[in-house]
A.B. asks: 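Structure provided below as structure tokens; questions to follow.
What you are looking at is a predicted structure, and each value in this text was computed from that prediction instead of being measured. Chain letters run A, B, ... following the sequence lines, proteins first, then strands; residues in each count from 1.
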Amino acid sequence: MSFVEYGDTIKDGDTAIVFLGHESMFPVKVQHGTVTQTKYGVIRHSTDLIGKKYGSKVTCSKGGWVFILHPTPELWTMNLPHRTQILYSTDISIITMMLELKPGSIVCESGTGSGSLSHALIRTVAPTGHLYTVEFHQQRAEKAREEFREHGVEHLVTVTNQDVCKNGFGVSNIADAVFLDIPSPWEAIGHAKSALKAEGGRICSFSPCIEQVQRTCLAMEEYGFTEINTLEILLRVYNVRTVSLQIPDLGKADEDNSSTGFDSSNPSHQGSPCANLQQGTVQFKSGVPLREVVGHTGYLTFATKS
Amino acid sequence: AMEGGPGARIREGDCAVLKRDEVFKAVSVLRRRKIIFEKQWFYLDNAIGHIYGTTFEVTSGGNLQPKQEVEETATETKEAGTDNRNIVDDGKSQKLTHDDIKALKDKGIKGQEIVQQLIENSTTFRDKTEFAQDKYIKKKKKKYEAVITIVKPSTRILSTMYYAREPGKINHMRYDTLAQMLTLGNIHAGNKMIVMETCAGLVLGAVMERMGGYGSIIQMYPGGGPVRAATSCFGFPKHFFDNLHEFPLSKVQSLLSGTFSTETLPAEPEENTLLEEESNGLPEEKQSSLQETEEEPAPEAPMDINPTEEQDTMDINAEDVEFKENKEKENKESVREKQIKQWERRKKLKEAAALLREKNADGLIVASKFHPTPLLLSLLEFVAPSRPFVVYCQYKEPLLECYTKLRERGGVVNLKLSETWLRNYQVLPDRSHPKLTMSGGGGYLLSGITVLLEKDKPDPRNSEALKMEEPSSKRCKLQDLPC
């Protein structure tokens, strides 16, 4: 397995995703002799995982079972250990498309953070592209390097520990795209421009606050970027539910009958009162929005180097 | 990687996209071909050889000329008002008439100069606030300084263009929804993808772009042949098409039940029925038809292929005889060519069938006008376990049904029904606010991951099997029933 290439069977050293059911999952490092605890019991790597096909059902010691899934950047994003606030797949999707990324692309990114976007970018530019990612926090930079190694993608990425606003990305005139997710992106626009190829490179800056966006747009304009465009994207998830709604009792058209509720003797009502109540409901399938949804992640500003 | 060096240049035969502000139009770059775009007529000849991304002006002769970089005159503190309480919109504040402006245009005066003239001849300009002046200038520039940028097609450009110009052709799939599909589907180099779309080939093109020519794609198609009009816009190198296969939906059932044969080929499409009405904004029919009719039998010999008839009417005239002999030869050749083409079609069909039969595809993308349920239930059979699938539908309700049927079928986890909400912003100093709301128009997605499907369900009367059944609370949770 690797995050950039599918494999069929689980191998020693793989990162696999243990799926327990409905949005409940966690990553696991597959290792001979190791054991993983789940609420359904124990999973023994040597017998339960290694050699099994991805997508297999594994029965745990207590009798319950789980599915073992092949890792993808999207599953990784949902399960990775957070060292910082991360970008989720909704933003990552539009970033990838608007930056026109594809196999062979050269991308620059700062800050690396927890590596959520990084994994997605690496997947997209593989096998011939490269990600240059800059992180000013030394431990986070090191952790990122470690993870890329474990996930078999270190040949596709270079992690640099420096401040992008002061020292840039460490490359010049070669990037197809630059991505910024830092507190003061306007301070890095000049460096972004020099990292980008001569013509047609794309830039994206992600900022939670509109004031940051305003400053960044101004800087982009000053540095001669064109097609400057700011947008935001939100995900709306629907739960599929069978809903039953009761039919209200509106009484009878015939006023002579004094009964107020359902009347089993009335020929217009079929069957017993219980059946009436049961018949007095309508069932339908609905896509129900969640009670609480994400209302804001950040503004995405895109532009082109001309 | 072909990137990194100097930008790609516009070449004759390319599919290029014309851009003016937010308006796009795809055209074939051909010499001496008149193009209409945004109320302007011009030829693309002068654009050939320039780098993509270059901005042009249209000269009076209908030719393109690269726009000179003009230094914006430094904004000296100009005279401006504070609000519009005294500004009356009586339509009389502009002193230049339509004819005056036309005269300026005819003289060949540059757009910039016209805008300047309009400002000087506006009685209310200096009373406007700075913001209003800014807005006025922008509006006039947009109208009179007609600049066109020629951009290289990409998923970003084409999906935006199609959504704005011909949303009906792509089942009203908004470009951010397409972006989600590509990511949720983990589309990347090396995949073996199954794609079923009726979006003019836009989704196929987007998938091909993200695969970079690596891996393989089997495009499922309804009717006689796949539509790839939009795909040809992307300008992919030839080798991208080496591992692009196609397979007719009409043969799916037979493939699944093991009765597949190439005895009957899907009816060959008429050229006309396949071609899209490319009225505005889409490339010339000729280009797309070239792609689609690749596998068509030898063309247009409108000749009778009945040799006996020919012999009956043979003339004594030697010339005529020779002519008729040649015609017979041609007839035989065209029959032969037809046979070869048919044989090739059969061969390709068998290859595609073999690829599907392996049942190890790395993913499935469905984006069509058809009800998604039967498509998903059948096509998922060809996908390996632990692989993502994404289904697009313009409407939510069919996906509700699809979700339910998938739960019944089993073999899928992490089912999610979603849509994305997109909003664009105007960002200007002291004037930042959302621009337009596009929510509610982008379509819906159902995504999930396959898992090993257990075909044999344990017999509930079997005590052994009972032991292995999951605790009921767990079952309820996993199957996501309304508990």
Side-chain angles (χ1 to χ4, degrees), chain A residues 4-6 19 21-22 53-57 64-65 67 69-70 72-74 89-90 92-94 96-98 100 102-106 120 123-124 126-129 174 176 197-200 210 213-214 217-218 229-238 240-242 285-287 299 304 306, chain B residues 1-7 51-53 152 154-156 175-176 178-180 182-184 186 188-191 209-212 214 362 384-388 396 400-401 403-404 413-414 416-425 427 429 432 449-452 454 470-471 474 477-478 480 482:
Chain A
V4 295
E5 210 184 322
Y6 280 117
F19 184 88
H22 198 44
K53 272 194 106 170
Y54 276 106
S56 296
K57 185 192 266 191
W65 43 258
F67 281 105
L69 301 177
H70 195 289
T72 64
E74 288 59 57
S89 298
T90 311
I92 293 176
S93 303
I94 193 92
T96 307
M97 187 179 84
M98 298 295 264
E100 305 188 340
K102 54 195 179 221
S105 295
I106 310 285
R123 173 268 314 271
T124 300
T128 43
I174 60 160
D176 297 296
K197 61 187 179 182
E199 170 66 51
I210 197 70
V213 175
Q214 287 175 312
C217 285
L218 226 50
N229 170 236
T230 303
L231 56 86
E232 69 170 335
I233 185 168
L234 290 174
L235 186 68
R236 288 278 179 273
V237 178
Y238 298 100
V240 182
R241 292 268 175 275
T242 304
K285 272 249 184 289
S286 178
Y299 302 102
T304 308
S306 233
Chain B
M2 295 178 292
E3 319 293 333
I51 298 177
Y52 274 103
K152 197 165 196 311
S154 65
T155 302
R156 163 178 85 97
Y175 47 93
D176 56 299
L178 176 59
Q180 301 302 310
L182 297 169
T183 298
L184 288 173
N186 192 20
H188 67 278
N191 275 3
E209 186 183 82
R210 292 282 271 265
M211 287 175 56
Y214 300 94
D362 293 315
S386 190
R387 296 291 184 270
K396 203 205 287 184
L400 294 176
E401 200 215 274
Y403 182 105
T404 308
V413 295
N414 215 28
K416 188 165 77 175
L417 174 60
S418 66
E419 71 168 323
T420 41
W421 188 87
L422 183 76
R423 206 181 211 186
N424 280 284
Y425 282 78
V427 178
S432 301
I449 303 176
T450 56
V451 289
L452 273 172
E454 287 162 352
E470 325 93 18
K474 170 77 176 293
K477 188 180 195 178
L478 271 165
D480 203 29

A.B. asks: Using modelled atom types only, decide if a donor and an acceptor are shared between the side chain of A:Asn229 and the backbone of B:Asn424 within a distance under 3.5 Å.
C.D. replies: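 Between the backbone of B:Asn424 and the side chain of A:Asn229 there is no qualifying donor-acceptor contact (under 3.5 Å).
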
A.B. asks: With a 4.5 angstrom heavy-atom cut-off, could you sort out which part of A:Glu74 is near chain B: side chain, backbone, both or neither?
C.D. replies: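 Contact with chain B involves the side chain of A:Glu74 alone.
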
A.B. asks: Return the set of residues passing side chain to side chain donor-acceptor pair (under 3.5 Å) with A:Ser93 (not counting sequence neighbours), or none when no residue passes.
C.D. replies: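 Once residues adjacent in sequence are excluded, the partners of A:Ser93 under the side chain to side chain donor-acceptor pair (under 3.5 Å) criterion are B:Gln180, B:Thr183.
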
A.B. asks: Holding to ring-ring contact (aromatic ring centres under 6.0 Å, His included), I want the full list of residues that pass it with A:Tyr54, two or more places apart in sequence or in another chain.
C.D. replies: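 A:Tyr54 satisfies ring-ring contact (aromatic ring centres under 6.0 Å, His included) with A:His70 once adjacent residues are dropped.
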
A.B. asks: Is B:Ala384 in contact with chain A via its backbone, its side chain, both, or neither, using a 4.5 Å heavy-atom distance?
C.D. replies: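 Neither part.
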
A.B. asks: Please report the C-alpha distance between B:Arg156 and B:Glu209 in whole Å, then the side-chain angles of each, then the deciding distance to 0.1 Å, and finally whether the salt bridge (Lys or Arg N to Asp or Glu O under 4.0 Å) criterion is met.
C.D. replies: CA-CA 11 Å; B:Arg156 163 178 85 97; B:Glu209 186 183 82; over 6 Å; no

A.B. asks: Determine the minimum heavy-atom distance between A:Tyr6 and A:Thr72, stating which atoms define it.
C.D. replies: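 Shortest heavy-atom contact: OH-CG2, 4.1 Å.
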
A.B. asks: Go through A:Arg236, A:Glu232, A:Glu5 and name the one with the most non-hydrogen pairs under 4.5 angstrom from chain B.
C.D. replies: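 Highest number of pairs under 4.5 Å: A:Glu232.
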
A.B. asks: Heavy-atom pairs under 4.5 Å with chain A: which of B:Glu401, B:Lys416, B:Arg387 has the most?
C.D. replies: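 Option with the greatest count: B:Arg387.
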
A.B. asks: Against chain A, work out which of B:Gly190, B:Gly53, B:Ser432, B:Pro429 has the most heavy-atom pairs shorter than 4.5 Å and name it.
C.D. replies: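 That would be B:Ser432.
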
A.B. asks: Could you tell me which portion of B:Leu400 (side chain, backbone, both or neither) has an atom closer than 4.5 angstrom to a non-hydrogen atom of chain A?
C.D. replies: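 It is both, since atoms from each part get that close.
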
A.B. asks: Below 4.5 Å, heavy-atom pairs only: which of A:Val237, A:Thr230, A:Val4 has the largest tally toward chain B?
C.D. replies: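 Between A:Val237, A:Thr230, A:Val4, the count favours A:Thr230.
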
A.B. asks: Of all heavy-atom pairs between A:Pro127 and B:Ala189, which one has the smallest distance, and what is that distance?
C.D. replies: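 Where A:Pro127 meets B:Ala189 most closely, the heavy atoms are CD-CB, 3.6 Å.
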
A.B. asks: By a 4.5 Å heavy-atom criterion (distance strictly below it), what part of B:Tyr52 contacts chain A: side chain, backbone, both, or neither?
C.D. replies: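 The backbone, not the side chain.
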
